[in-house]
Amino acid sequence: MRTFHVGFEPGHPLVRVRLGAGVLAEIGSEMAALGLSRALVLTTPEQAAQGEAILAQLGPRAHARFSRAAMHTPIEITEAAIAAAHGADCIVAIGGGSTIGLGKAIALRTDLPQIVLPTTYAGSEATPILGQTANGIKETLRSPKVQPEVILYDPELVATLPANLTVTSGLNAMAHAVEALYARDANPLSDQLALSGIRAFRDGLPQVVADPGNLDAREQTLFGSWLCGTVLGSVGMALHHKLCHTLGGSFDLPHAETHAILLPHSAAYNAEAAERELAPAAELFGGSIGGGLHDFAASLNAPLALRDIGLAESDLDRAADLAVKNPYWNPRPIERDAIRALLQSAWQGTRP
Ligand SMILES: NC(=O)c1ccc[n+]([C@@H]2O[C@H](COP(=O)([O-])OP(=O)(O)OC[C@H]3O[C@@H](n4cnc5c(N)ncnc54)[C@H](O)[C@@H]3O)[C@@H](O)[C@H]2O)c1
Ligand SMILES: O=C(O)CCC(=O)CC(=O)O
C-alpha cells in the first residue's frame, strides 16, 4: 500500500493519498487521525448498498447516509444533502464523479472535510474543481474548499466497474491528460504527470478489460486516474472539455461516453497546431494521435459514434453554434466550419 501527501499551489491544502487493496478498511482510522467522529456517507442510489456497508463498518463513527447523488450535481440535491449533513463533522463519499461532486458541493457550503473513495476513473477526487447545475445550467468553479482532504484508492472498488464504464471512464481520464499536454499553462511537471497517466491507461485498460478482477492492473489504472485528475486540476483545459460540456449540458449526453467518443476527434483537430506537445503521446499510439486513440478505443469496444449515444444528426448545427459561442483558448483557432466537420465525423464514428 502506498501513502503520499501532495500539494501544488500556495493556499491549497495538502492532500493525503493512499492507494492499495484493503484501504477501504482504513476510513475509521483516517477519521480518527483528523479528530473526526460523525461521518455523512454519500453514494448514488445505485451504490446505496455500498454506503450501508460503510455505515456498518464505521459503527459509532457513522452519522447518516445520503444516497441521492446524481450526475452534474443538481443544486436541489445538494440542498437536501446539506440538511442530512446536520450534526455530521465530515463527509465520506464512495462513488464516481457524481458522488464526489456532491461531497465537494457540500464542502463548498459547509467546510466539512472530505474523505473520498473513488469507484470510477473520472479523477474528480484529485481536483479543486466543482461543476454544479442550477436551473438546467451547469457552471464550473475552482476553489481550494472543494479539494478533498483524503483520497483512499482501493482497487477492489473499481473491480466491480462494468466493462463499458471501465473503458469510457478510463478514456475520460486520458482526455484530461491529453489536453494537459497542450495547455497554455503546461509546465514540465504537468507534462510528466500527463504522460505517465496516459501510459498507465494505455497499458492498464486492456488488462482490466480482459480480466476485470486483476487487482494489480486495477491499481495501475487507479494511479493513472490520480495522475490524470491531478493534471486536470493543475492546468487549463481547451476544445475537448468545452465540447464535452456543450454536448453533456445542452443535449444531456452521458459524461464518460461523450469524452470517450470525442477524444480522438478533438486530439486530431489539434494535432498539427500542437504537434510538438502531443508528439510523446502520439508515439504511445503508433504515431498518429487521433487515429491511434480511435484504434485504441475500438480495440476496447468503446462507443465510437455520437449517434449511438442519443445525439440526432439534426442537432449537429446547433452543437457547433454553441461550441463556438463563447471564445476560449485552444492551440488551433476554434472555427465554426471545422468544429461542425469534427462533430460530423464524431457523430458517424469515422476514424480521424
Ligand atoms: N470536478 C471534476 O474535477 C470532475 C472530473 C471528472 C468528472 N466530473 C463529473 O463527474 C460526473 C461523472 O462521473 P463518472 O463518470 O465517474 O460517473 P458517475 O459517478 O455518474 O457514475 C456512473 C454510474 O456508475 C455507477 N458506479 C460508479 N462506480 C461503480 C462501480 N465501481 N461499480 C458499479 N457501478 C458503479 C454509479 O453509481 C452511477 O450509477 C459528471 O458530473 C462530471 O462532470 C467532475
Ligand atoms: O464537473 C465538471 O464537469 C467539471 C470538471 C471537468 O471539466 C471534468 C470533465 O469534464 O471530465
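Numbering of ligands and ligand atoms starts at 1, following listing order.
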Return yes when Gln132 approaches ligand 2 closer than 4.0 angstrom through a heavy atom, no otherwise.
-> no
Polar side-chain atom of Asp154 near backbone of Leu24 as donor-acceptor pair, under 3.5 Å = yes
Under 6.0 Å between ring centres, would you say that holds for Tyr121 and Trp226?
-> no
If you count the atoms of ligand 2 from 1 in the order shown, which ones are under 4.0 Å from a heavy atom of His255?
-> 9 (C), 10 (O), 11 (O)
Nitrogen or oxygen of Ile129 less than 3.5 angstrom from that of ligand 1 | yes
Say whether Ser169, considering both its backbone and side-chain N or O atoms, lies within less than 3.5 Å of an N or O atom on ligand 1.
-> no
Do any N or O atoms from the side chain of Arg340 and from the backbone of Ala320 form a donor-acceptor pair under 3.5 angstrom?
-> no
Closest non-hydrogen atom pair, Lys145 against Gln114 = O-NE2, 4.0 Å
To the nearest 0.1 Å, how far is atom 38 (C) of ligand 1 from its closest protein heavy atom, and which atom is that?
-> Glu46 OE1, 4.1 Å
Interfacing atoms of ligand 1 (cut-off 4.0 Å, heavy-atom, Thr44) = 36 (C), 37 (O)
Shortest protein contact, atom 3 (O) of ligand 2 (heavy atom only) | Lys138 NZ, 2.9 Å
From CA spacing to verdict: side-chain contact (heavy atoms from CB on, under 4.5 Å), Gln132, Lys104 = CA-CA 10 Å; Gln132 48 185 355; Lys104 289 173 155 185; over 6 Å; no
Could you list which atoms of ligand 1 come closer than 4.0 Å to a heavy atom of Met71?
-> 20 (O), 40 (C), 41 (O)
Arg332/Glu272 ion pair, N-O < 4.0 Å = no
Sub-4.0 Å atoms of ligand 1 with respect to non-hydrogen atoms of Leu232 = 3 (O), 5 (C)
Taking both backbone and side-chain atoms of Ala122, is any N or O found less than 3.5 Å from an N or O belonging to ligand 1?
-> no
Which segment of His259 sits under 4.0 Å of ligand 2 when only heavy atoms are counted | side chain
What atoms of ligand 1 come closer than 4.0 angstrom to any heavy atom of Thr127?
-> 1 (N), 2 (C), 3 (O)
Give yes if a backbone or side-chain nitrogen or oxygen of Thr99 is under 3.5 Å from a nitrogen or oxygen of ligand 1, and no if not.
-> no
Return all side-chain donor-acceptor pairs below 3.5 angstrom for residues 257-264, not counting sequence neighbours, or 'none' if the list is empty.
unit_1 : atom_1 : unit_2 : atom_2 : d
Thr258 : OG1    : Pro254 : O      : 2.5
His259 : ND1    : Asn172 : ND2    : 3.4
His259 : ND1    : His240 : NE2    : 2.9
His259 : NE2    : Asn172 : ND2    : 3.4

N or O contact, Asn172 vs ligand 2, cut-off under 3.5 Å = yes
Which of the numbered atoms in ligand 1 are below 4.0 angstrom from a heavy atom of Lys104?
-> 1 (N), 2 (C), 3 (O)
The atoms of ligand 1 lying under 4.0 Å from a heavy atom of Gly96, numbered in the order shown, are 16 (O), 19 (O)
Pair His5-Arg16, side-chain donor/acceptor within less than 3.5 Å | yes
His176 N/O to ligand 1 N/O under 3.5 Å | no
Please write down residue, atom name and distance for the protein heavy atom closest to atom 7 (C) of ligand 1.
-> His255 NE2, 3.6 Å
